[in-house]
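Below is one structure, written out as structure tokens; comments come after it.
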Amino acid sequence: MNNWPLWEVFLRSRQGLHHKHVGSLHAADEKMAIENARDVYTRRSEGVSIWVVESKHIHASSPDESEALYDPANDKVYRHPTFYDLPDEIKHM
Amino acid sequence: MVPIKSLEEKFQAAVDAEIKIEPKDWMPDAYRKTLIRQISQHAHSEIVGMLPEGNWISRAPSLRRKVGLLAKVQDEAGHGLYLYSACETLGIDREELFEQLNTGKAKYSSIFNYPTTTWADIGAIGWLVDGAAIMNQVMLCRTSYGPYARAMVRICKEESFHQRQGFEILLTLSKGSEEQRAMLQDAVDRWWWPSLMMFGPSDKESTHSAQSMKWKIKRKSNDELRQQFVDATVEQAKILNVTLPDPELKWNEERGHYDFGPIDWEEFWNVVKGNGPCNKERLAARVKAHDEGAWVRDAAVAFAEKQAKRRAEANKVA
């Protein structure tokens with residue numbers, strides 16, 4: 001069991017929606033990972049589609065770098081519609 | 001094997017029941033092909049659409065205008081990327097899509113084959129061209145193919161800023177000097193008809209429309225969307241104090257819509273066929289950017305390989 005890799009599980013709750021991360025589990029291969037994900041995460045019909053990705057293939061940004069990564073967007077108010085002044089008569093723009 | 005006929009029936013039943021089609025679902029070949037054509041054209045339009053606007057970034061009249069335009073052009077690049085990704089879920093790869101664009105095999109929206117000769121054109125593009133695009137894109141948020149619909153939701157959220165920055169530019173010009181007001185009117189005169197053409201041929205002439213409606217790739221016909229755009233825009237033109245260049249434009253009480261004059265389809269087809277004012281220039285700029293960016297792509301691959309090799313060596317030592 002110790003050498004069964006860890007898998008991240010993503011579920012699509014219904015057609016038309018994104019797959020969303022729901023958790024992880026251990027399994028010997030991808031087939032078993034999908035079957036286990038079915039048993040662990042969709043017992044109450046939570047999904048219509050399952051993705052499993054071996055956890056070692058997930059590369060994540062580092063929390064320590066948050067500032068450097070996201071700070072540049074903070075002072076760019078002109079990327080938002082509310083930055084532009086429009087008369088009240090204009091609706092739905 | 002399940003017979004194709006029953007697969008098709010099942011597929012159409014899902015579409016009719018408003019169940020989105022996802023990449024791993026069975027779909028008719030023609031549905032896949034239609035989507036690849038439409039989504040890639042849409043992606044190409046976002047990318048080529050950066051060119052007429054990019055023309056004015058360095059000459060924007062103020063810092064406020066410059067950052068707004070920069071952010072908008074940056075968004076268009078992002079929209080192109082969302083759409084290329086959605087297109088790739090249908091089994092075509094990015095390289096092939098670029099190849100189709102750069103060889104002229106794939107089309108992009110003809111509107112981008114018109115030149116941006118004055119600053120007012122940047123406002124007119126935001127108001128009219130983005131306004132027309134939004135009509136179409138709002139409809140596409142409900143298209144039957146899941147990845148396309150989701151990309152459109154993202155895009156629509158960002159698109160509102162584009163139209164507003166355009167309208168603000170025009171509103172400022174409308175309150176300006178006589179020359180500025182003339183520049184505004186001239187831009188509206190030049191962009192009005194090409195914007196109406198953006199919705200494509202009239203329903204009677206449109207070859208793909210009926211099937212696309214049945215598959216719910218499209219949810220409204222070209223003429224319906226065009227009418228919706230005219231109705232919304234005429235009201236906005238009053239605020240800018242501009243006239244729209246169509247003597248037949250008038251409110252039709254009976255229909256509850258504005259009537260408008262005939263569109264010059266000869267011009268439309270001419271531009272589609274490659275004879276617009278900027279077709280050659282746009283494609284050449286695209287190909288040049290792609291070719292001149294080759295070393296950046298190569299360098300990224302070489303760097304990744306070098307890093308991987310170093311990691312492998314470090315692991316060996318440890």
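The sequence lines fix the lettering, A, B, ..., with proteins before strands; numbering per chain opens at 1.
- Within a 6.0 Å radius of NZ in A:Lys76, more than 12 heavy atoms belonging to other residues, nucleotides or ligands are found.
- At least one side-chain heavy atom of A:Gln15 sits under 4.5 Å from a side-chain heavy atom of B:Asp25.
- Atom CD of A:Glu67 has 12 or fewer neighbouring heavy atoms from other residues, nucleotides or ligands inside a 6.0 Å radius.
- Of the residues considered (B:Glu22, B:Lys24, B:Glu159), B:Glu22 shows the highest number of contacts with chain A, using heavy-atom pairs under 4.5 Å.
- When all heavy atoms of B:Phe167 and A:Ile90 are compared, the pair lying nearest together is CZ-CD1, 3.5 Å.
- Nearest approach of A:Tyr78 to B:Gly68, heavy atoms of both residues: CD1-N, 4.2 Å.
- The backbone N or O of A:Asp85 sits less than 3.5 Å from a side-chain atom of B:Glu168, completing a donor-acceptor pair.
- Here A:Tyr84 contributes atom OH and B:Leu171 contributes atom CG; the two are 14.0 Å apart, rounded to the nearest 0.5 Å.
- In this structure, A:His80 NE2 and B:Glu158 CD are separated by 10.0 Å, a value rounded to the nearest 0.5 Å.
- For the residue pair B:Ile239 and A:Glu89, the shortest heavy atom distance occurs at CD1-CB, 3.6 Å.
- Here A:Arg79 contributes atom CZ and B:His162 contributes atom NE2; the two are 10.5 Å apart, rounded to the nearest 0.5 Å.
- The main-chain N or O of A:Met93 is found under 3.5 Å from a side-chain atom of B:Arg164 such that the two form a donor-acceptor pair.
- No part of A:Arg14 comes within reach of chain B, as not one of its non-hydrogen atoms sits under 4.5 angstrom from that chain.
- Chain A forms the most heavy-atom pairs under 4.5 Å with one residue out of B:Glu235, B:Gln163, B:Lys72, and that residue is B:Gln163.
- Counting heavy-atom pairs closer than 4.5 Å to chain A, the top residue among B:Arg64, B:Gln236, B:Gln74, B:Lys238 is B:Arg64.
- Ranked by heavy-atom pairs under 4.5 Å with chain B, the list A:Pro87, A:Ser49, A:Gly16 is led by A:Gly16.
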